[in-house]
Amino acid sequence: MKTCNRALFFAAIALTTLLTGCGTPRELIVKPTDLRVHILPGSPFSGKIGVGTAHDETTESIFNDAKVGAGIVSLSLQDSLESVGYLAPKGENSCYTVHAVIRGNSMSKGFIDVTSKVSIDYTLEESSSKAEVYHKTLNAEYTAGMKDTWSGPNRPTMAKYNAVRLTVEQFLNDITSVAGGQ
């Protein structure tokens, strides 16, 4: 009987692992439907942007809940650019490169809600000439609550991911406007 229970337990864990996957959290990805500006066919950025460096200039400890981390920003940029069709194909040189610098992040925790604030510099440059096409510091704030997750310990992560996604969304709206989107 115990052997049967153990087998069922491990089968349930394996099934859960397969169903949940290990991909990018959906909170980090900006989809075309999220943008205010409609991307027109033949946009000058379509399939031409590569993700360059992302680094963190904040001084928070990596053990601080507020810490965003360059990896999260880079992953959000990569998957969001791919989602809207701006990411250059792998193995090809990109015409443009986007760089991100985390300038600040903070978190405040209430009884139920957790609010994350981030400030990220985005720079888009032509890859060959290094000429700056776009540069702006974007700020975003997101409050995660019961609507995001019932699990209280997951709210800081949800707040951070969504705040980063909001800055990437602002960046994509801005460059799409520059490119003549409607």
Side-chain angles (χ1 to χ4, degrees), residues 9 12-39 49-87 97-124 134-177:
F9 174 74
I13 289 175
L15 182 61
T16 302
T17 302
L18 287 173
L19 292 176
T20 57
C22 297
T24 304
R26 65 179 164 71
E27 294 81 14
L28 284 175
I29 302 173
V30 176
K31 299 174 289 307
T33 54
D34 295 333
L35 300 179
R36 295 187 315 269
V37 182
H38 180 67
I39 299 171
I49 299 178
V51 177
T53 59
H55 64 277
D56 188 349
E57 291 196 351
T58 62
T59 58
E60 285 90 5
S61 161
I62 61 169
F63 300 109
N64 184 343
D65 278 348
K67 185 78 168 172
V68 170
I72 292 172
V73 175
S74 185
L75 186 62
S76 183
L77 275 170
Q78 179 97 17
D79 288 350
S80 297
L81 286 167
E82 182 178 27
S83 173
V84 300
Y86 283 173
L87 187 66
T97 305
V98 61
H99 302 280
V101 179
I102 302 168
R103 297 287 180 198
N105 51 291
S106 64
M107 187 170 290
S108 60
K109 297 178 182 180
F111 180 69
I112 293 178
D113 296 339
V114 176
T115 300
S116 178
K117 296 178 184 180
V118 296
S119 179
I120 304 174
D121 283 352
Y122 288 97
T123 303
L124 183 67
Y134 172 91
H135 178 82
K136 193 172 185 181
T137 300
L138 300 173
N139 302 301
E141 175 179 319
Y142 188 86
T143 300
M146 299 276 286
K147 69 185 183 321
D148 296 294
T149 180
W150 283 85
S151 173
N154 290 336
R155 289 189 195 125
T157 302
M158 299 298 268
K160 285 189 291 192
Y161 284 2
N162 280 292
V164 168
R165 183 188 52 77
L166 289 172
T167 65
V168 173
E169 185 177 324
Q170 289 174 24
F171 166 72
L172 291 172
N173 276 317
D174 289 354
I175 67 169
T176 301
S177 294

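Heads up: numbering here begins at 1 and tracks the sequence. Quick caveat: nothing in here was measured; it's all calculated off a predicted structure.
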Reported CG-to-NE2 distance for the pair D121 and H99, which is rounded to 0.5 angstrom
12.5 Å
Out of N139, T137, T167, N105, which one pairs with S119 under the side chain to side chain donor-acceptor pair (under 3.5 Å) rule?
N139
With sequence neighbours left out, the residues meeting salt bridge (Lys or Arg N to Asp or Glu O under 4.0 Å) with E82 are none
So, do K109 and P156 sit near enough that their side-chain heavy atoms are less than 4.5 Å apart?
yes
Scan side-chain atoms only and decide if T143 and D113 contain a donor-acceptor pair under the 3.5 Å cut-off.
no
Interatomic distance, CG@L124 vs CD1@I49, rounded to 0.5 Å, equals 5.0 Å
OG on S80 to CG on L75, rounded to 0.5 Å
8.5 Å
Testing the basics here: between A70 and A54, what is the closest heavy-atom pair and its distance to 0.1 Å?
CB-O, 3.2 Å
For the residue pair S76 and Y161, confirm or rule out a side-chain donor-acceptor distance under 3.5 Å.
no
Is K117 close to M107 at the side-chain level, that is, under 4.5 Å between some pair of heavy atoms?
no
Residue set satisfying ring pair (Phe, Tyr, Trp, His ring centres under 6.0 Å) with F171, at least two apart, ordered chain then number -> Y122, Y134
Does the side chain of V118 reach to within under 4.5 Å of the side chain of Y142, using non-hydrogen atoms?
no
Please find the pair of heavy atoms, one from A163 and one from A140, that lie closest to each other, and give the distance.
O-CB, 3.5 Å
Nearest heavy-atom contact between A159 and V114 is CB-O, 3.6 Å
Should K136 and D174 count as an ion pair when the cut-off is N to O under 4.0 Å?
yes
Can you tell me how far apart OG1 (T115) and CG (N162) are? Round to the nearest 0.5 Å.
11.5 Å
Report yes if the side chains of V101 and I120 come closer than 4.5 Å at any heavy-atom pair, otherwise no.
no
So do T97 and V51 actually touch side chain to side chain, heavy atoms under 4.5 Å?
no
Within the structure provided, determine whether I102 and H55 are in side-chain contact (heavy-atom separation under 4.5 Å).
no
Could you check whether H135 and T123, counting side-chain N and O atoms only, form a donor-acceptor pair closer than 3.5 Å?
yes
Side chains of V98 and I175 in contact at under 4.5 Å (non-hydrogen atoms):
no
